[in-house]
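Remarks on the structure that follows.
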Amino acid sequence: MENKIIKAWKLGMFVVLSLTVFLVAIYFIGKSQNLFGTTFHLEAKFKNVSGLQIGNNVQLSGINIGTVKEIEFVSDSIVMVNMVIRSEIQQYIKTDASATIGSDGLMGDKVLMIAAGSASQEIVKDHSLIKSTEAVGMEDLMNGLKKSIDNAEIITKELSEFSYKINNGKGALSKVLTDEEFSKSIDRTLQNLETGTDEFVVFTTKMNDKNGSLSKVMTDPVYANSLKKTLSKFEKSAADINVFTAKLKNDKGIVSKLLSDEKMANDLDSIVTNTRTATEKLNELEEAAKHNFLLRGFFRKKEKAKDKMEANKNH
């Protein structure tokens, strides 16, 4: 009899515990699926749901606020996703809210994430359609990763070629690092550049000096007018020179004839030659007269007078 009672108690305890576990499971499952309490619905259209399934969580700011109730085709390229969300969350979701599909962790289940929208907008209503943002799929990530790897391979290859050229003395950078003469040449160039910069600084300082000529030309009206007058005179002189050269080019001028008339030049040359010949003959006649006994006394008196005048000059 006692064994039957103990068995009955054990059976009763098992049934009670089983019912308790079942009810607790029903409660948590119902709570996670929004079976208890008031809810409202939101909808969003996607071109690709990226593996989203009915029953996946809906999140707002990382917090589960509902579940995906339905996923159905609207057309051959559009999929409608229906969400069930707790009513107390409705006040935080605005009409400009957006939905996107993400993952719960790197390899976790898909989740539908909602961005609440602007605070200035109105609150969404039941069965409102909100805009959607296409998620970056795993395939897109892998393609991007492949491009990054390819780019890294190209960069590594270029770096290898660059280091090879440097190590083998090719290129200007290699010369800078290894060629002493080239380095000295660059050093001299930099020194010359520095010297030129210093001289330019001195030039600009002088230019800004109020007492400098350039500064006076730029700022002093009197100095500028004086320079202007000088330039005007120079311009007038240049004009006079132009007139003079024009006259030289004129065939009627004596100078032009001397420069260009061959006959006149020959005549002038003959006159000079004849004058030189006549002068030589006069000198010969004078020398002959000195030796003539009639004129010898005259020339001797003339020489004595000349010597006397020189002696007086010396004293």
Side-chain angles (χ1 to χ4, degrees), residues 12-151:
M13 290 294 294
F14 176 76
V15 171
V16 170
L17 288 174
S18 298
L19 288 174
T20 301
V21 171
F22 177 74
L23 291 175
V24 169
I26 291 295
Y27 172 77
F28 281 107
I29 293 172
K31 184 178 179 181
S32 65
Q33 296 295 323
N34 296 305
L35 298 176
F36 309 112
T38 57
T39 59
F40 75 101
H41 295 257
L42 285 180
E43 296 175 345
K45 293 180 180 179
F46 293 90
K47 292 182 179 180
N48 187 349
V49 294
S50 303
L52 186 71
Q53 296 180 358
I54 295 174
N56 286 152
N57 292 325
V58 178
Q59 293 183 349
L60 176 66
S61 300
I63 300 174
N64 293 331
I65 60 172
T67 57
V68 176
K69 184 179 180 181
E70 293 180 354
I71 300 175
E72 58 184 7
F73 280 100
V74 178
S75 66
D76 58 350
S77 59
I78 301 296
V79 178
M80 178 73 76
V81 177
N82 189 298
M83 298 162 271
V84 179
I85 302 172
R86 298 198 305 270
S87 296
E88 64 268 22
I89 305 299
Q90 186 173 1
Q91 59 181 323
Y92 304 116
I93 304 175
K94 311 299 179 180
T95 53
D96 63 340
S98 62
T100 185
I101 298 172
S103 298
D104 189 8
L106 183 61
M107 301 299 292
D109 295 335
K110 295 293 183 180
V111 294
L112 192 62
M113 296 179 292
I114 296 177
S118 305
S120 59
Q121 299 296 323
E122 296 180 357
I123 298 173
V124 293
K125 297 179 181 179
D126 190 22
H127 290 285
S128 294
L129 179 66
I130 61 175
K131 63 182 180 180
S132 62
T133 304
E134 295 297 328
V136 179
M138 183 60 68
E139 184 178 354
D140 295 331
L141 290 174
M142 294 303 296
N143 289 334
L145 181 61
K146 184 178 182 301
K147 288 181 179 179
S148 299
I149 293 173
D150 293 339
N151 292 333

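Rounding to the nearest 0.5 Å places CD1 of I71 at 4.5 Å from CG of L52. To the nearest 0.5 Å, atoms CD (E88) and OG1 (T39) are separated by 10.0 Å. Note: E134 CD to K47 NZ = 6.5 Å, rounded to the nearest 0.5 Å. Atom-to-atom distance recorded for L60:CG and L112:CG is 11.0 Å, nearest 0.5 angstrom. With rounding to the nearest 0.5 angstrom, the CE atom of M113 is 10.0 Å from the OG atom of S98. Going from atom CE of M13 over to atom CG of L17 covers 5.0 Å, rounded to the nearest 0.5 Å.
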Problem set entry | From CA spacing to verdict: side-chain contact (heavy atoms from CB on, under 4.5 Å), N57, T67 | CA-CA 4 Å; N57 292 325; T67 57; 4.2 Å; yes
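Summarising the geometry of A97 relative to A115, their closest heavy-atom pair is CB-O, 3.0 Å, with the distance given to 0.1 Å. Taking each heavy atom of F40 and V124 in turn, the nearest pair found is CE1-CG2, 4.1 Å.
With a 4.5 Å cut-off on side-chain heavy atoms, I65 and Y92 do not count as touching. Side-chain contact between I123 and Q90 is present, with at least one heavy-atom pair separated by less than 4.5 Å. Residues V111 and N56 fail the side-chain proximity criterion, which asks for heavy atoms closer than 4.5 Å. Side-chain contact check for D109 versus Q53: every heavy-atom pair is 4.5 Å or farther apart. Using a 4.5 Å cut-off on side-chain heavy atoms (C-beta onward), I114 and M83 make contact.
The backbone N or O of H41 sits less than 3.5 Å from a side-chain atom of D126, completing a donor-acceptor pair. Between the side chain of T100 and the backbone N or O of T133 there is at least one donor-acceptor pair closer than 3.5 Å. Side chain of S132 to backbone of K45: a donor-acceptor contact under 3.5 angstrom is found.
Remark: Q91 CD is packed, more than 12 non-hydrogen atoms of other residues, nucleotides or ligands lying under 6.0 Å away.
Partners of Q121 under the side-chain contact (heavy atoms from CB on, under 4.5 Å) rule, at least two apart in sequence or in another chain, are K94, T95, D96, S118. Residues satisfying the side-chain contact (heavy atoms from CB on, under 4.5 Å) test with S87, not counting sequence neighbours, are T38.
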